[in-house]
Amino acid sequence: MAAEPIRFTIDDVEITALEGQSIIEACDAAGIYIPRLCHHPELEPSGNCRVCTCKVNGRNSATCVTPAAHGMSIENNTKELNDDRRMIIEMLFVEGNHPCPYCVASGNCELQALGYRLGMQAPKEVYQWPDRGIDATHPDIYLDHDRCILCSRCIRASRMEDGKTVFGFSGRGITMRLNIDATGGLGETQMAAIDKAARVCPVACIVIKRDSYRVPNGQRRFDLAPIGSDIEARRKQVKS
Amino acid sequence: MREAKSSDSRNSDQYHWKRVTRPHRHLTTATEVKRVIDLFGGDRSRLLDIAEAVQHRFGSISDEAVKALADGLGMHAVEVEDMVSFYAFLDREPRGRFRVRLSKTPISLMKGAGDVARAFESALAISIGSTTPDGKFTLEWTSDIGMADQEPAALINRMVLTELTPADVPDIIASLRHRSNKGDEPPFPLHPVDGSMLPKAVVKPSLVKAGPLLSGPLGRDDGLRAALSMEPGEVVAVITASKLRGRGGAGFPTGMKWRLTAKAVGSDHYVVCNADEGEPGTFKDRVLLSEFPDLVIDGMTVAGYALGAKHGLIYLRGEYAYLWDMLQDVLANRRSAGLLGTNILGRKGFDFDIRIQLGAGAYICGEESSLLESLEGKRGTPRDRPPFPTERGYLHQPTAIDNVETFACAARILAQGAAWFSGLGTAESTGTKLMSVAGDCSRPGVYEVPFGITVNELLDMVGAPDAAFVQIGGPSGQSVAPKDFGRRIAYEDLSTGGSTMIFGPTRDILDIALQFAAFFVDESCGWCAPCRVGTTLLKQGMEKIVAGRATLDDLKATEALGHTVARMSRCGLGQMAPNPILSTMRNFPELYEARLSPEPFSPRVSLEDALRAAVLIQGRASVPEEA
């Protein structure tokens, strides 16, 4: 039986999806950018950040974990959704410590880039000033837990891609933390700097030592073009 | 697909707490943990039971135990910790042998829980949250334990104490101290003392008013016998015709849920009873389980027959562990009577048995997909849907999860007929509803009322002539103001799982909303950002409002934040968490206005407080601003 083509519309643009694609995957392929933070194209989706929430047939759904279905009608780039997304970004800014001006990830940071893209000024919410500590026990990698946004990318990458399960969560609610598979720090784990898990952190929680300023500030990825513009460039190709 | 292991429901009796509690003091942690793992057939999906047993044996789950669990189950330590650290009743650090957990809810505080807490603090010479130096007692608050009609209540280990007064406390402590001197008792027993030896260690029957569901002759197998006279598909049709809807509050049509589960393809089908009654203010499932357990299990067995399921599971909240032995006895009696097990009531090939899974202190596990994760031995994080549990639920198999009361209704519908049931209530809400009523009223308890009853009628029934507001459906429900007391309890109007908290004219509505906001901070699972962070920010916003320091802008910001959390959160917990704030803002705007700060701007931090340490070090105050 030949699969029926899956067609749906997002902000009045018609898109064709492949069987098994999530909404965000289908939109990425078609060059429609849906803001997202925890989603990574090479990892299983996990629905942690909810930034990719769209109005799907009138109902809010995180598009990284929602399968594309024929006939869906989706709202993405609306003021209400972008306001809510910006509010989530603000929440993450105040939950951790994110001092952009002197952060190693500035310019490469997806949290920062989304703040810019969504028009965040300064967070209006109360800073929580966590004090979760730094783990510098690994010779090549350090972990700054205060910058962790609990997106679970490293957990997924370590388990599924590296086959190591170096990371997990501990606790719940506002006290939830990124946890590692050793009592004495990251240096006791099998983690290596070439691991996928070391390369997917959207912020500067997992940082490769001695590597941070190879590309100077001002010439980094999001210094050159806003987040999502690589995906949107595809749309131009699709059109032409 | 995975085979049901020896540890599955077919051998639910195989494991008995007492086998673990026998002290083997000479054995190492690793050996003991291995023994526990073996009792559960090395099945990692039973990690919650295994962890509870280890905690029970050692009082906490140490690093050494985590490592032994990981080794024994073929997991990483970080995965074990991921699960263990999630549950309030599992500890990574040693705590006192007697764990005194005082129920902290607006109602318990109204009834004097604060004084009881101070009495415990002074009798034990410790403050809440700490452990006595001799390691015998830990004193702490816990979320609602399902005793709203007999607060102040407390859990001491697995035992429930109710209607406490400060005067009871010395005797309770003395009795426990006496007990703990006995050398033959295992450490951290499930039942530390004979309940009758302790003052107030009794749960009163809470049913005040029975209606058609709970009165009349209730045979323990009436539903099942009626079901067996039909084809399984006909049973589903009867449930559909009755228009029964889920009693947990969401109101999904039960007949449709059963039909979807029955037709979903899988190697096994499962029937799960959601007895994780965690919504503050509700206790009607506790009443059903303690006073009508056969009716509930009859309903589950009917579902087992209708869905072609061999396995049933009751997810019993950890707070109700005191019901464990009684429920096991009921299951055992039903097995001997041929009402559970193989070839039930002589019907060849109809095999169905039930296992009880004890929860470990997590409100979120009442959410059906979190409950499934927890049943599988994981942290109670909700799942994204689709797929729905009817298609892929427990162990990825088709699963029907229903509330305790829903199963009770199902049994009665089979026995009495769909028309009997649909003749009760309203067009969209057939049958009756068990309402758990507590707070400022003269007759708290469980009332069986027909759907369609108004809030006013309910208030008259329970003796609450001067209610200032009623919280319907618990913190995740709605704050109903007197102007809306004409509204009806029904899915088409005020949809509720039954929690009804009544507050009189002297109560501080905003402070109650703040307490509910704090509850969601404690119970958010943390998986998704809007709920994890948003619940904390909402509580902080509410604190500022209650303290009279909020400006109009603050008020608007808290309201906007509430709407974002409601719209963007992953599951019902986060989607409902802003309700107490948003619905009181809607219904009692004048109370919020009265608390507004007269200043146009009011900082969240006090400069004086922030500088206090520096001032102390420097030995001089900061220079005052020039006027």
Side-chain angles (χ1 to χ4, degrees), chain A residues 37-38 45-51 53 55 59-62 64-67 69 80-81 83-96 123-128 149-152 155 158-159 164-183 189, chain B residues 63 66-67 70 75-88 92 362 364 379-387 520-537 539-541 544 553-554 557-558 560-561 563-570 574-575 604-605:
Chain A
L37 192 45
C38 69
S46 66
N48 293 91
C49 76
R50 315 315 278 184
V51 171
T53 298
K55 199 155 260 185
R59 245 183 102 113
N60 274 6
S61 306
C64 68
V65 287
T66 307
E80 191 193 58
L81 284 167
D83 285 350
D84 282 335
R85 290 165 178 159
R86 188 175 57 247
M87 187 79 100
I88 293 176
I89 300 299
E90 285 191 22
M91 288 186 209
L92 292 169
F93 261 95
V94 301
E95 183 191 28
K124 286 183 266 317
E125 302 301 335
V126 193
Y127 282 95
Q128 304 296 309
I149 57 167
L150 303 165
C151 69
S152 82
I155 299 176
S158 186
R159 190 180 58 229
K164 293 184 180 177
T165 312
V166 167
F167 296 103
F169 285 130
S170 71
R172 76 180 187 207
I174 195 70
T175 62
M176 195 160 95
R177 298 285 179 266
L178 182 65
N179 192 19
I180 56 164
D181 194 33
T183 49
T189 68
Chain B
D63 284 349
V66 167
K67 188 175 178 306
M75 300 170 72
H76 289 264
V78 75
E79 294 173 298
V80 173
E81 214 173 351
D82 189 283
M83 178 273 177
V84 166
S85 62
F86 183 83
Y87 294 95
R92 292 280 282 113
I364 184 62
R379 66 165 45 223
T381 295
R383 296 175 178 173
D384 276 296
R385 282 146 286 193
F520 288 115
V521 172
D522 290 341
E523 300 297 342
S524 168
C525 88
W527 188 264
C528 82
C531 173
R532 182 183 69 240
V533 190
T535 48
T536 290
L537 296 176
K539 175 184 156 228
Q540 291 169 343
K544 195 175 176 187
D553 275 354
D554 290 328
T558 299
L561 180 69
H563 286 299
T564 296
V565 172
R567 282 191 295 258
M568 302 300 269
S569 290
R570 189 183 199 212
Q575 289 159 14
R604 284 176 198 273
V605 275

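Within every chain, numbering begins at 1; the chains are lettered A, B, ... in the order of the sequence lines, protein sequences first and strands thereafter.
- Using a 4.5 Å cut-off between heavy atoms, B:L561 touches chain A through backbone and side chain atoms alike.
- Annotation: maximal heavy-atom pairing with chain B below 4.5 Å, among A:I155, A:I174, A:V51, A:L81, occurs at A:I174.
- The minimum heavy-atom distance linking A:L92 with B:A529 is given by the pair CD2-CB, 3.9 Å.
- Counting heavy-atom neighbours within 6.0 Å of A:K124 NZ, excluding the residue itself, gives a total of 12 or less.
- Judged purely by atom type and a 3.5 angstrom limit, A:N48 uses its side chain to pair as donor or acceptor with the backbone of B:W527.
- Looking at B:V78 and A:T165, their side chains come closer than 4.5 Å, going by heavy atoms from C-beta outward.
- Interface remark: B:Y87 contributes backbone atoms only to the contact with chain A (heavy atom separation under 4.5 Å).
- Contacts between B:A560 and chain A at a heavy-atom distance below 4.5 Å involve backbone atoms as well as side-chain atoms.
- Residues B:Q540 and A:Q128 have side chains that bring a donor and an acceptor to within less than 3.5 angstrom of each other.
- When all heavy atoms of A:P67 and B:P386 are compared, the pair lying nearest together is CD-CG, 4.0 Å.
- Interface residue A:N60: only side-chain heavy atoms are found under 4.5 Å from chain B.
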Task: Pair A:R159-B:E79, salt bridge (Lys or Arg N to Asp or Glu O under 4.0 Å): steps then yes or no - done: CA-CA 10 Å; A:R159 190 180 58 229; B:E79 294 173 298; 5.5 Å; no

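- Going from atom CG of B:D82 over to atom CG of A:D181 covers 11.0 Å, rounded to the nearest 0.5 Å.
- Partners of A:P123 according to the side-chain contact (heavy atoms from CB on, under 4.5 Å) rule, which considers only residues two or more places apart in sequence or in another chain, are A:E90, A:F93, A:V94, A:M120, A:Y127.
- Between the A:R172 side chain and the B:D522 main chain, a donor and an acceptor come within less than 3.5 Å of each other.
- Proximity to chain B (any heavy atom under 4.5 Å) is restricted, for A:I149, to the backbone atoms N, CA, C and O.
- Residues A:E125 and B:V533 form no side-chain contact, since every pair of their non-hydrogen atoms from C-beta on lies 4.5 Å or further apart.
- Here the straight-line distance linking atom CG of B:D63 with atom OG1 of A:T183 works out to 6.0 Å at 0.5 Å rounding.
- When each of B:S569, B:P530, B:C531, B:A77 is checked for heavy-atom pairs under 4.5 Å with chain A, B:P530 comes out on top.
- Residue B:S85 comes nearest to A:G171 through the heavy atom pair OG-N, 2.8 Å, listed as atom of the first residue, atom of the second, then distance.
- Summarising the geometry, atom OG1 belonging to A:T175 is positioned 10.5 Å from atom CZ belonging to B:R532; distances are rounded to the nearest 0.5 Å.
- Remark: B:R383 pairs with B:S369, B:L372, B:E373, B:E376 by the side-chain contact (heavy atoms from CB on, under 4.5 Å) rule, at least two apart or across chains.
- Put simply, of B:R567, B:M83, B:E81, the one with the most heavy-atom pairs under 4.5 Å next to chain A is B:R567.
- Contacts between B:R379 and chain A at a heavy-atom distance below 4.5 Å involve the side chain alone, from C-beta outward.
- A:T53 places none of its side-chain heavy atoms less than 4.5 Å from the side chain of B:R570.
- In this structure, the separation between OG1 on B:T564 and CZ on A:R86 is 9.5 Å, given to the nearest 0.5 Å.
- Between A:R85 and B:M568, the closest side-chain pair of non-hydrogen atoms falls below 4.5 Å.
- Only the backbone of A:I180 comes within less than 4.5 Å of a heavy atom of chain B; no side-chain atom from C-beta onward does.
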